[in-house]
Amino acid sequence: MMSKKLAFAFAFGLLTAGAATAAQARDIVIYEAPPPPRVEVVPQVHEREIWEPGHWARRHHDWAWIPGRILVVDQPGRHWEPGHWDPRPRGWIWIEGHWN
């Protein structure tokens with residue numbers, strides 16, 4: 001019986017540690033503003049498609065451009081909130097794009 005409790009406690013600890021690590025990864029603060037967005041040629045999108053603009057991402061202490069892409073609207077009436085860099089008092093934080 002004790003080994004089942006110990007196994008459960010270990011598994012719970014791993015799950016909560018993983019969740020904390022994921023939350024920290026989303027909240028990484030960058031201390032310099034991202035470069036201005038690049039100009040992209042927006043392709044024609046069809047019904048139930050939208051264009052997600054490109055953005056800058058931080059990679060190995062440098063900025064890397066992530067090109068825009070076409071997303072498929074899987075449920076009519078949903079609205080895409082593009083990802084963006086949000087200024088904070090101590091730097092910049094990336095807010096992931098998501099459906100509303």
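Note that the coordinates shown come from a computational prediction; the quantities given were computed from them, not determined experimentally.
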Which atom pairs, one a donor and one an acceptor, fall under 3.5 Å between side chains of residues 76-84 and the rest of the protein, sequence neighbours left out?
unit_1, atom_1, unit_2, atom_2, d
H79, NE2, E81, OE2, 3.4
E81, OE2, N100, ND2, 3.3
H84, ND1, P82, O, 3.3

Can you list everything that forms a salt bridge (charged side-chain N to carboxylate O under 4.0 Å, His left out) with E40? Sequence neighbours excluded, please.
none
Please confirm whether the backbone N or O of R59 pairs with a side-chain atom of H61, one donor and one acceptor, at under 3.5 Å?
no
Which donor-acceptor pairs under 3.5 Å do side chains of residues 28-39 form with protein atoms, sequence neighbours excluded?
unit_1, atom_1, unit_2, atom_2, d
E32, OE1, W63, NE1, 3.3
E32, OE2, R58, NH1, 3.4
E32, OE2, R58, NH2, 3.3

Is I66 isolated, or which residues cluster with it under the ILVMFWY side-chain rule of less than 4.5 Å, directly or via members?
none
Under 4.5 Å side-chain linkage, directly or through intermediates, the cluster mates of V41:
none
Do any pairs count as a salt bridge (charged side-chain N to carboxylate O under 4.0 Å, His left out) and have a residue in residues 44-57, sequence neighbours left out, and if so which ones?
E52-R69
Using the salt bridge (charged side-chain N to carboxylate O under 4.0 Å, His left out) criterion, which residues pair with D86? Sequence neighbours excluded.
R88
Which ILVMFWY residues can you reach from W51 by hopping between side chains whose heavy atoms are under 4.5 Å apart?
V42, V45, I70
Check: H55 ring centre within less than 6.0 Å of W85 ring centre:
no
